[in-house]
Amino acid sequence: MGGVVIALHGAGQRASHTARDWADALELGYALVSVESSQLMSPMYRSWPDQESAAEGIAWAAQLATLARSSAYPASTRPRP
């Protein structure tokens with residue numbers, strides 16, 4: 001197996017919640033990227049109302065995940081989940 005799982009948090013949650021909820025993907029050999037929205041609806045509430053902004057953030061996370069999984073980066077410099 002292998003590949004990358006990009007998990008988005010639910011409304012009002014954080015990326016850390018999503019990482020915990022999707023942690024089983026790691027045991028299956030997938031890299032896990034938990035994306036946190038940059039869109040604040042209040043000082044503590046994040047959501048995904050603007051689809052264009054969300055797509056940009058997700059694409060950026062996907063690029064980072066691809067770089068981290070590539071052989072161009074030694075394992076010691078890869079981000080940990």
Rounded at 0.5 Å granularity, tell me how far [atom1] in [X] sits from [atom2] in [Y].
| X | Y | atom1 | atom2 | value |
| --- | --- | --- | --- | --- |
| Gln13 | Ser37 | CD | OG | 12.5 Å |
| Glu27 | Leu32 | CD | CG | 11.5 Å |
| Ile58 | Gln63 | CD1 | CD | 13.0 Å |
| Gln39 | Gln51 | CD | CD | 10.0 Å |

Answer yes or no: is there a side-chain heavy-atom contact under 4.5 Å between [X] and [Y]?
| X | Y | answer |
| --- | --- | --- |
| Leu8 | Thr18 | no |
| Ser53 | Ser38 | yes |
| Val5 | Trp22 | yes |

Closest heavy-atom contact between Val35 and Ala61?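 Here Val35 and Ala61 meet closest at CG2-CB, 3.4 Å.
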
ring-ring contact (aromatic ring centres under 6.0 Å, His included) partners of Trp48, counting only residues at least two apart: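 ring-ring contact (aromatic ring centres under 6.0 Å, His included) check on Trp48 returns His9.
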
List the steps, then state whether side chain to side chain contact (heavy atoms under 4.5 Å, CB included) holds for Ser47 with Met41. CA-CA 7 Å; Ser47 188; Met41 307 313 293; 3.8 Å; yes

Kindly state each residue pair satisfying salt bridge (Lys or Arg N to Asp or Glu O under 4.0 Å) with at least one member in residues 38-48, sequence neighbours excluded. Glu36-Arg46

